[in-house]
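Single-structure report; data block below.
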Amino acid sequence: MTTLHSTSTSSRPIPNPAKSLITKLNMGTGTVVGVIFALATYYALKPIPDDPGFYNQQNKALLASMFAWSIGFLIGIGAFIGPFRWLIGKDLTAEEQLYLAGDGQGIKRYFKYCTDHKVVGIQYLVGVMAMLGVGGTMAMMIRTSLAVPGGHFIGATIYNSLVGLHGITMIVAMIIVATGPFGNYIMPIMIGARDMAFPRLNALSWWVLFTAIPVLCSAWFLGGIPTGWTAYAPLSIQAGPGMNAFLATIIIFAVSTAVAGMNITATVVAMRAKGMKWNRVPIFVIGATMSVALAIPAFPTFMLAMVQTATDRVFNTGFYDANVGGSGWLYAHLFWIMGHPEVYVILLPGIAILMEITPVFVRKPLFSFNAAVLGFAGIAGLSVLVWAHHMYISGWTPTLNGPFMVTTEMISVPTGLIFLVLLGTVWRGKPWMKLPMLGMFAVIWNFLIGGITGIYLSDVPADNYLHGSMYVTAHFHYTLMGAALTGAVAGLAYWFPKMTGRMLNERAGYISFWFTQVGFQILFLGMFIAGAEGQPRRVVSFAAMYKYQNMISTFGAYLVGIGFIVLLWAVVHSWRRGVIAPKNPWGAKTLEWTVPYPVPLENFDELPVITTDPYGYGKGN
Amino acid sequence: MESAKVETSSSKRLISALVFVVLGVAVVGTVGFTLHALSADPQAPLHATKSSETIVVDGKTYPKASVTMGVYADSAQAAEDGYTLNKKDYVQYGPSTHLILPAHTYVTMTIHAYDGGEELNNPYFGKVVGTVGGTINVDGVDINAVAPDKVQHTWTLHGIPSTSQDPLFVNVPLPHVDEGEDGFLPTNDPGTHNKGHTVVFSFITGGAGEYVWNCEYPCGDGSYAKFGAAMSAYGYMSGKVTVK
Ligand code: HEM
Ligand SMILES: [Cu+2]
Ligand SMILES: [Cu+2]
């Protein structure tokens, strides 16, 4: 990207943090205050006797203490010091602000309420990897149990819990897998900004999310989540105390995404470098922004669905209880009005990463930036009009099945544009087959299968048969894992040098790539066949006729598991001892490659001025 | 500090990667075996007592076996019959809900049932299905159904759709203990045995296989539709049957 330089703006004050409270707060103090809050709330509410109108006293005490934990942690880590100081008229000094940004604090700042977007990006990256690791381990347990008919390696009760926990852990991880690490670390630099629009909100979004992790883990010790990740009512209302952890997790998570979504949107709208008109914004930034902009209206309905489940459980409000005038359909609607847009919230950044990568590795401009933006916009727009394709079989207004089928199938049109852009960019190019580029080819293949099987599912008569089967499970794994996760891993390989200063080990990356991708095809091929033959999803036992399909699946799953362990090794090893990366190892033209590693606190000495789009390969600059 | 470290030698790297993979597999494996151990059935199975007698049914001769269980309103009641395994104070079957029955055998089961009851969700489960003669014997009287609003629990045995094992479906509704019969509902005075009902029935097992059984009368605690507590925890109102 061609840049001119505007005059320097910052003459930094010398860091000399005031000996104020903020220097003493960190994850540890947050945990202590959080636990105290939680215990105090639990024991304060526990003795209140059951009211006949209430379902369960335990639900009330547990839920309240989970929220208390979250709030207590945030207080303890100092999340509210800024607003509080402002409120009492003693706003943070410049030095304190600088301290909050983690200036000169080395590794410690990763455990603090740190406003530097690069720190938040790394926090997200590590958090996401941990979540994927836990979710992946659960997947291995599930597949082991399903290796043979009636195998029951894991008992039925634990199996049910695992399926729900695996689902929600992975969905949460996938929602943040790209926008968390790369949206925070890379994106502000990409648009030539010194930080996010609201650095404190940025830190808040991460630490709020962080408080949801122990809450979700507590589900395990409270009897698990026996409902699957969709938590349909009335199942969720009958379920044991572990369900409270699910509700609290989602409510806390929704707060985090709302904060993050506003922040990212505001940053991209308001903080772009001089001269970066909308048609000069890197496509990853467009994709990530559309994704969070889609999440902003979608997630509140999820939160509302959970709040109502919680009040049904605690106060017997009966929103979803048909016995007292509620409706289970209400839940399904609220859930899927979030749920379907959410799958594109996950997908868009993954695809956008590939669009960012591909021009760099074929040394050609992105094939039609406008088509790409149109594709994203079309998908985002249509995705809010298709939710009832998850409810064809529920009996809700069958006359609307037809229209929902049409809107769903219409999504293939903007999706087609996306494919065209990617294929057009590599067309007649000579791809430089580095790790990030491999990911792009894998995603083309995987998303093709995911999308086409999606069209079968959106066909009402076909879905009559396929709904609730392993076919659905295989479909959405092709899209979520095959496309979105593979895209994110490609992004990790691509931006690893900028985020860690070192190259990701290429050989281990290849080995991991082939293990995961080949294993993935085997895993879900078996599952597609079993599903097409009618094997129900989420069920611990299956009939003998599905024996071989499941054995194949489990075998594939183990390959995937090994592939991801190798990837983890590559990340850990390369982070510590990898080859030191040059400033711009891929010869890319976006702004993040113009800054050195470690990236200075305020990213740019002089803010860049943009005069062209970032894909001007072969145009002589 | 950064520049001091360069890429390690390739053999060292290979070893580190291999060790890492082995460790990773070991961690996942440990989680797996821990969960496997956690999912083991905590109760000792209840073996049917085989007898030397045989019986002829529809022209075929079968060996005989028998097994006895109880249904209790709470754990104190169960304790009076020496059944103290289950931790929670739920309505429960005992002494174990995992039965082991001999294959191709005429099994006679006796259930002492001490609980009250309300109405079945699905009246179908008020009918007797799958027993020899299609009847059960309640306190000396043969019947083939219990009114859906007079059932305390059911013992409903069915196959899991996992193998090609012989089908085995048995549904036995247990008539409730009425307030009038002994002056109090068992739940009003926990720990006191009322005289209850003695239900006797027989069925014929097929070849070896794994089956599950559960109660089809939602009898869990006050949470939604009474499917909580005892109904959603294994070993109280549900169990398995191993035929071998
Ligand atoms: C051309 C694109 C797509 C079409 C036409 C499509 C269609 C469908 C339909 C009709 C179902 C409901 C099936 C059923 O439950 O019976 C479904 C399920 C699902 N799809 Fe897609 N889909 C598409 C792309 C995607 C993408 C891109 C993602 C994620 C990134 C995704 C994730 C899911 C998930 C998570 C479910 C299952 C949710 C559940 O029941 O647990 N789909 N899809
Ligand atoms: Cu959908
Ligand atoms: Cu029962």
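Below, chains carry the letters A, B, ... as their sequence lines are ordered, and counting in each starts from 1.
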So with a 6.0 Å cut-off around [atom1] of [X], is the heavy-atom count from everything else above 12?
X         : atom1 : value
Trp575(A) : CH2   : yes
Phe555(A) : CZ    : no
Phe513(A) : CZ    : yes
Tyr124(B) : OH    : no

#### Entry: For chain A, the option from Ala40(B), Ser16(B), Ala37(B) that forms the most heavy-atom pairs under 4.5 Å
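The answer is Ser16(B).
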### Query
Of the non-hydrogen atoms in Val28(B) and Met141(A), which two are nearest, and what is the gap between them?
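That closest heavy-atom pairing would be O-CE, 3.4 Å.
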### Message
If you compare all heavy atoms of Ile565(A) against all heavy atoms of Val25(B), which two are closest, and at what distance to 0.1 Å?
### Response
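The pair with the smallest heavy-atom distance is CD1-N, 3.7 Å.
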For the [atom1] atom of [X] and the [atom2] atom of [Y], what is their distance to the nearest 0.5 Å?
X        : Y         : atom1 : atom2 : value
Leu23(B) : Leu568(A) : CG    : CG    : 11.0 Å
Leu38(B) : Thr157(A) : CG    : OG1   : 11.5 Å
Lys12(B) : His573(A) : NZ    : NE2   : 10.0 Å
Leu35(B) : Tyr159(A) : CG    : OH    : 13.5 Å

### Task
State whether the side chain of Ser39(B) and the backbone N or O of Gly155(A) hold a donor-acceptor pair below 3.5 Å, judged by distance alone.
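Looks like yes, one N/O pair under 3.5 Å.
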### Query
According to the interplanar angle, ranging from 0 to 90°, do the rings of Phe153(A) and His36(B) count as parallel (below 30°), tilted (30 to 60°) or perpendicular (above 60°)?
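Parallel.
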#### Entry: Atom group of Leu162(A) that falls short of 4.5 Å from chain B, counting heavy atoms
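Interface part for Leu162(A): side chain.
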### Task
Find out whether Asn505(A) and Arg13(B) are in side-chain contact, i.e. whether some heavy atom of one side chain is under 4.5 Å from a heavy atom of the other.
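Side chain of Asn505(A) against side chain of Arg13(B), heavy atoms only: contact under 4.5 Å found.
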